[in-house]
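Since the structure comes first, as structure tokens, the remarks are kept for the end.
Lettering follows sequence order; numbering is per chain, from 1.
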Amino acid sequence: MSILVNRETRVLVQGITGREGRFHTAQMKAYGTQVVGGVRAGKGGQEVEGVPVFDSVRQARAETGANASVIFVPPAGAADAICEAADAGIELIVCITEGIPVREMVQAAAYVRARGSRLIGPNCPGLITPGEALLGILPGAIFRRGPVGVVSRSGTLTYQVVAELGERGLGQSTCIGVGGDPIIGTRFVDVLALFEEDPETEIVVLIGEIGGSDEEDAARFITQMTKPVVSFISGRSAPEGKRMGHAGAIISGGTGTAQSKIEALTAAGVPVAETITEIVDLVAARL
Amino acid sequence: MSILVNRETRVLVQGITGREGRFHTAQMKAYGTQVVGGVRAGKGGQEVEGVPVFDSVRQARAETGANASVIFVPPAGAADAICEAADAGIELIVCITEGIPVREMVQAAAYVRARGSRLIGPNCPGLITPGEALLGILPGAIFRRGPVGVVSRSGTLTYQVVAELGERGLGQSTCIGVGGDPIIGTRFVDVLALFEEDPETEIVVLIGEIGGSDEEDAARFITQMTKPVVSFISGRSAPEGKRMGHAGAIISGGTGTAQSKIEALTAAGVPVAETITEIVDLVAARL
Amino acid sequence: MRFYEYQAKALFRAAGIPVPEGRLVRTPEEAREAATALGGKVAVKVQIPIGGRGKAGGVRLAPSPEGAEAAARELLAKEIRGYRVDRLLVEEAVPIRQEFYLSLTLDRARQTSVLIASAEGGVDIEELAATRPDRIGRVWIDPLLGLRSFHAADVAAQAGIPSELLGPFVERVLQIGQIQAQHDALLVEINPLALLEDGRLIALDAKLETDDNAAFRHPEWEAEESAAGEHPLERRAREEGLAYVKLSGNVGVIGNGAGLVMTTLDMIQRQGGRPANFLDIGGGAQADVVRRALRLVLDDPDVTAVLINVFGGITRCDEVARGLLQALDGVEVRVPLVVRLAGTREAEGRALLEGTPLEPAATFLEAARLVVQRASEGRGDRP
Amino acid sequence: MRFYEYQAKALFRAAGIPVPEGRLVRTPEEAREAATALGGKVAVKVQIPIGGRGKAGGVRLAPSPEGAEAAARELLAKEIRGYRVDRLLVEEAVPIRQEFYLSLTLDRARQTSVLIASAEGGVDIEELAATRPDRIGRVWIDPLLGLRSFHAADVAAQAGIPSELLGPFVERVLQIGQIQAQHDALLVEINPLALLEDGRLIALDAKLETDDNAAFRHPEWEAEESAAGEHPLERRAREEGLAYVKLSGNVGVIGNGAGLVMTTLDMIQRQGGRPANFLDIGGGAQADVVRRALRLVLDDPDVTAVLINVFGGITRCDEVARGLLQALDGVEVRVPLVVRLAGTREAEGRALLEGTPLEPAATFLEAARLVVQRASEGRGDRP
């Protein structure tokens with residue numbers, strides 16, 4: 001088992017004809033993901049990396065039976081692409097694009113909820129169920145299958161953690177980057193609920209950062225979970241009012257500090273690692 | 001039993017300080033309806049006809065526990081009033097207002113659906129469960145309780161039918177005017193489904209008119225019902241392209257004719273009366 | 001309201017949609033001048049507020065100003081689909097490579113707008129929908145989302161619009177979306193949407209139907225209605241706030257409630273009569289409204305008898321009776337008047353009308369039968 | 001970006017929100033002239049892109065042009081909340097009857113906008129929320145519906161805004177809604193929103209924070225940023241498309257991925273060092289990006305050592321190494337450089353750096369330790 005994606009997942013790539021879309025389509029296919037179609041208005045009938053291209057998501061879904069979509073559309077059109085996927089009934093929408101204006105994302109996220117679809121991201125690396133499916137831009141080679149569920153707001157930091165887990169022989173059930181933006185479709189609590197129900201996942205690594213209150217919400221949720229969760233928070237040294245790379249990684253009005261998150265997690269009985277290596281120690285000690 | 005409203009229904013009146021709102025609040029109260037509050041921004045704290053007035057629906061609902069609202073707000077603000085009621089979690093919204101622009105109604109109706117509320121109207125007389133509750137502008141005195149469910153797109157024509165039913169001793173479980181606009185929140189099929197489930201209702205009178213395809217949809221639905229339905233269609237003599245009073249009563253592009261509706265109902269085994277008196281004969285013969 | 005083609009095209013042009021150069025004319029001479037100004041070769045098109053004009057012979061191509069004058073002379077003498085032709089649009093002839101269909105309209109059943117396109121233009125879309133539905137693309141617009149460019153791409157793909165036209169096609173879709181929102185349109189249609197030899201995607205015809213309920217925020221419609229030659233009685237009714245429709249018969253009808261009035265018309269027709277109008281005084285009408293309603297109907301020269309049919313609920317029959325008497329005060333009653341009052345204060349109302357020229361009827365059916373009989377006894381010029 | 005008060009007020013005024021008459025000045029003399037023009041009695045307010053100015057003594061009332069000049073002289077010598085004061089807003093003094101609070105901001109937890117109001121104005125809203133939450137009205141705006149006037153009425157009722165002010169209050173709410181949409185604002189705040197003796201409801205202060213992600217459709221922000229005295233290195237980074245934040249320490253940091261770079265800063269601090277900046281080269285960076293990043297960091301005179309920390313996933317370590325070497329080509333390296341490469345093509349990357357001034361580190365922690373040590377060994381002027 002695993003969560004959200006597996007070898008049955010039928011994937012569309014929106015924005016498949018762009019540089020990023022094309023490159024990662026090849027990577028996803030090489031990993032074994034079932035990429036069944038691509039979408040780019042006006043390019044219907046073409047092929048990219050052996051994948052048929054359609055003019056609209058509705059058409060692509062009708063022709064391919066796709067149930068998931070990965071979006072590589074540039075920021076100005078990405079929120080529209082999310083809405084198009086939701087409108088067409090795509091169940092899982094993964095938006096990689098960084099830099100979508102907040103105003104459009106607020107609306108797109110609400111629309112996805114109203115349509116009953118699930119959005120991962122935006123500004124995320126995607127997700128992977130090792131050995132089955134990779135949706136996004138994660139480097140497939142560093143993952144191995146195992147009992148650890150990983151959920152994170154960042155990309156590269158997560159790869160670092162996964163690589164160190166791997167060095168100690170600890171594989172992942174599913175690894176999800178939920179995205180570094182202030183408005184994201186799926187948050188820690190949503191993923192924790194899924195890992196809690198997943199028989200394969202035995203422990204969860206939660207990698208948070210400054211900004212917002214998703215870690216605090218997660219801490220409250222974890223008190224109701226049966227499975228152990230260990231965590232790491234980045235941004236302890238970040239000053240107030242500065243956007244630290246991720247649009248969502250900002251301390252504003254004294255809220256969203258690393259301190260607040262660490263305290264909430266600690267109070268919920270979740271160990272918070274001081275270094276990356278310590279995360280791996282915490283996991284190993286609990287398995 | 002009955003459908004949608006009964007003596008437990010707790011009613012707000014939006015636009016209570018206007019002439020219509022004030023007058024019909026008194027009428028509804030006199031009938032025995034539980035009118036628990038009124039809404040008019042800027043008039044919070046006042047009283048109208050012994051009913052406390054609030055500045056917003058949210059506030060009124062919190063203070064009174066209202067679960068229904070009747071809207072008497074003028075056309076330019078009525079769609080907003082519908083959205084406000086839905087936003088505040090009111091379950092049953094009855095909009096009397098005639099003349100709401102279609103563009104706003106399309107959006108308001110969709111918003112009500114998204115919020116899981118039910119809208120009756122707009123441009124409708126409301127609904128009544130005789131002896132229990134009257135929401136709207138129907139003349140309570142002509143109704144009596146009984147086994148006939150009545151659903152109609154018109155007001156006065158329905159009163160005429162109800163009066164003639166009454167003369168023959170035939171009372172109503174609930175009588176609903178769904179409204180004469182092209183975009184209405186609750187349509188024939190929705191009400192038929194409710195009457196089908198209502199133990200008190202033994203027969204349904206459906207009063208349709210030209211425009212749209214709600215009667216044709218109803219005909220399809222009725223073939224699945226266990227209870228008898230009899231009908232009347234007005235507008236047999238209406239020319240194409242003219243709006244006959246109701247914004248929704250218009251034959252356009254050859255669709256929405258009385259002929260088409262009569263054929264659909266007849267094909268579904270629903271008798272279509274030629275005159276109002278004949279409706280009553282049809283009901284009497286089936287009880 | 002339904003806009004004439006020339007009115008709609010002015011709004012389309014303002015929204016950025018290319019349309020042919022053209023001029024509105026009312027005489028053959030003006031048509032010749034217009035054709036000269038537009039380069040000689042032109043299309044001459046009757047302006048009526050209804051479709052199906054082409055099939056009915058309302059569009060002529062003229063190779064020269066003289067030809068345009070001749071065509072205009074012929075067309076201005078015509079009546080097309082019940083409308084007397086009193087104005088023509090003379091447009092430059094444009095070299096067409098391909099024709100498409102595009103519209104945005106209200107779908108009542110789905111309670112939202114539907115975007116419709118076809119790679120076959122200039123067709124009767126209802127007919128095409130019936131005979132070759134596969135040639136039509138349809139996309140419904142979620143009202144909570146609104147029209148987006150992906151809707152345009154989707155309908156284009158369904159309809160088989162060539163990929164290389166996608167850019168301008170999407171632009172046209174967003175433009176008709178803007179027109180829909182800005183002008184509270186129930187229908188915006190471009191049929192045909194034409195690809196010209198020079199590569200432009202232009203609106204050869206333009207249809208626009210707006211929502212009367214939004215008239216309060218469109219004072220500019222007043223001028224358009226008036227330009228569109230609205231019937232004087234309908235105009236007066238609109239100004240007086242009465243729900244009135246002029247019909248082609250001779251029996252005037254007044255009632256309260258649209259359904260009741262429509263049914264009254266039906267009953268009159270069932271009795272062999274022909275209604276002259278629809279007039280709904282609405283719920284809870286005061287005497288003054290009733291007075292104005294009756295005056296309006298009596299001012300219609302086609303009317304040879306009038307039926308007033310009221311069921312009193314919120315409306316009080318005595319109030320209606322008072323309005324009727326006010327309307328007749330000091331006026332010579334030239335046609336028979338039949339009144340049927342039922343419901344709230346029925347007895348009081350009837351009592352007020354005793355001894356007046358207003359003839360009572362006991363029931364709905366009797367009232368219809370009586371007014372039809374009186375209408376045929378009347379002036380007799382229109383049985 | 002965060003707008004200065006004077007910039008925000010110009011936009012508020014354009015949206016129809018009344019604001020006091022005022023002038024931006026940079027010298028005491030200009031302050032005197034402005035006060036004279038504004039009627040003598042004025043408020044002199046430091047312009048810094050951050051709140052809490054009042055408590056920090058950044059606002060003075062002056063009864064005369066001379067008083068304004070003196071206040072300006074004093075304020076222009078100050079540093080307030082870390083910002084050197086280089087400009088002042090001189091505003092007409094207005095007679096205030098009552099003060100309120102009004103804002104529209106993004107609520108991340110609820111993923112939508114929240115409208116906040118209070119009948120207590122000029123307060124620290126976070127403090128008020130903590131101490132007297134009942135004094136604050138809050139209404140969340142469903143994004144599928146958008147801001148409507150009923151939201152304004154609702155928040156006014158919750159906050160206890162007097163009924164007789166509802167008209168202008170609703171107007172202000174709709175205006176800040178318009179500002180939010182038009183300027184892609186994350187925060188629009190009027191604190192205090194003041195009722196004047198003459199009955200006007202005006203914005204005494206104005207706060208506006210916009211969404212950097214929307215900069216592509218707001219070319220006009222460029223001029224505002226520049227007027228706002230952005231740090232030259234941040235400006236250069238923005239122009240070069242680099243995600244860079246200037247910090248107050250001396251250890252330069254470059255890495256790939258925001259989370260990794262933030263963690264690198266944390267580790268440096270944990271080792272007793274102070275980061276000079278945040279710089280994320282992003283995923284899949286090419287040599288050229290790496291080159292520009294290193295040049296930028298080396299051009300910061302505060303920097304006494306640099307750590308380059310890369311985990312190769314999509315990013316290739318050899319590509320990073322090439323970029324580093326390009327950056328150093330022909331340039332005298334004045335500070336120690338520590339490099340940690342791991343992941344994709346790690347070996348190739350390390351090989352390329354052998355024999356160069358770039359000092360390798362084996363692990364993340366070792367890299368942090370080493371760079372902190374090198375930084376303190378460096379110029380020594382900033383330990």
So OG of A:S252 and CD of D:E126: to nearest 0.5 Å the spacing works out to 8.0 Å
Note: vs chain D, highest number of non-hydrogen pairs under 4.5 angstrom among A:T255, A:I184, A:T158, A:I233 is A:I184
Whatever's closer than 4.5 Å to a heavy atom in chain A on D:E127 counts as neither
On a heavy-atom basis, the closest approach of A:A249 and D:M262 is CB-CE, 3.8 Å
Heavy atoms of D:F364 and A:Q160 approach each other most closely as CD1-CD, 4.1 Å
Scored by heavy-atom pairs under 4.5 Å with chain D, the best of A:A114, A:A238, A:G245, A:G235 is A:G235
In this structure, CD1 of D:I268 is separated from OG of A:S237 (nearest 0.5 Å) by 8.0 Å
The interface call for A:T275 against chain D, heavy-atom contacts under 4.5 Å, is both
One option among A:E216, A:E20, A:K242 has the most heavy-atom pairs under 4.5 Å with chain D, and it is A:K242
Exercise. Just wondering, do D:Q111 and A:R187 contact through their side chains at under 4.5 Å, heavy atoms?
Worked result: yes
Note to self: Contact between A:I183 and D:L106 at the side-chain level, heavy atoms closer than 4.5 Å - yes or no?
What the structure shows: yes
Looking only at A:P139, A:G212, A:P101, the option with the highest number of non-hydrogen pairs under 4.5 Å against chain D is A:P101
From the list D:D142, D:T112, D:D212, the residue making the most non-hydrogen contacts under 4.5 Å with chain A is D:D212
Highest number of heavy-atom pairs under 4.5 Å with chain A among D:D124, D:V310, D:D211, D:D280 belongs to D:D211
message: Quick check: do A:L157 and D:F311 have side-chain heavy atoms less than 4.5 Å from each other?
response: no
Applying side chain to side chain contact (heavy atoms under 4.5 Å, CB included) to A:N123 and not counting sequence neighbours gives A:E98, A:D181, A:H246
When the 4.5 angstrom heavy-atom criterion is applied to A:A76 and chain D, the contacting part is both
Ordered numerically, the heavy-atom neighbours of chain D under 4.5 Å found in residues 102-111 of chain A are A:V102, A:R103, A:E104, A:V106, A:Q107, A:A109, A:A110, A:Y111
Counting heavy-atom pairs under 4.5 Å with chain A, the top scorer among D:A243, D:A342, D:A109, D:G257 is D:A109
Before giving the answer on side chain to side chain contact (heavy atoms under 4.5 Å, CB included), spell out for A:F23 and D:I314 the whole-Å C-alpha distance, their side-chain angles and the decisive distance to 0.1 Å. CA-CA 11 Å; A:F23 175 74; D:I314 301 301; 4.3 Å; yes
Cut-off 4.5 Å, heavy atoms of chain A, and the answer for D:L187 is neither
Turns out that what part of A:E209 lies under 4.5 Å from chain D's heavy atoms comes down to side chain
The interface call for A:P239 against chain D, heavy-atom contacts under 4.5 Å, is side chain
Okay, A:I207 and chain D: the region with an atom under 4.5 Å from a heavy atom over there is neither
- prompt: Is the shortest heavy-atom distance from the side chain of A:R243 to the side chain of D:V245 under 4.5 Å?
  reply: no
In D:L265, D:T263, D:D266, the residue satisfying side chain to side chain contact (heavy atoms under 4.5 Å, CB included) with A:R236 is D:D266
When the 4.5 angstrom heavy-atom criterion is applied to D:L186 and chain A, the contacting part is side chain
Applying a strict 4.5 Å limit to non-hydrogen atoms, the region of A:S234 in contact with chain D is both
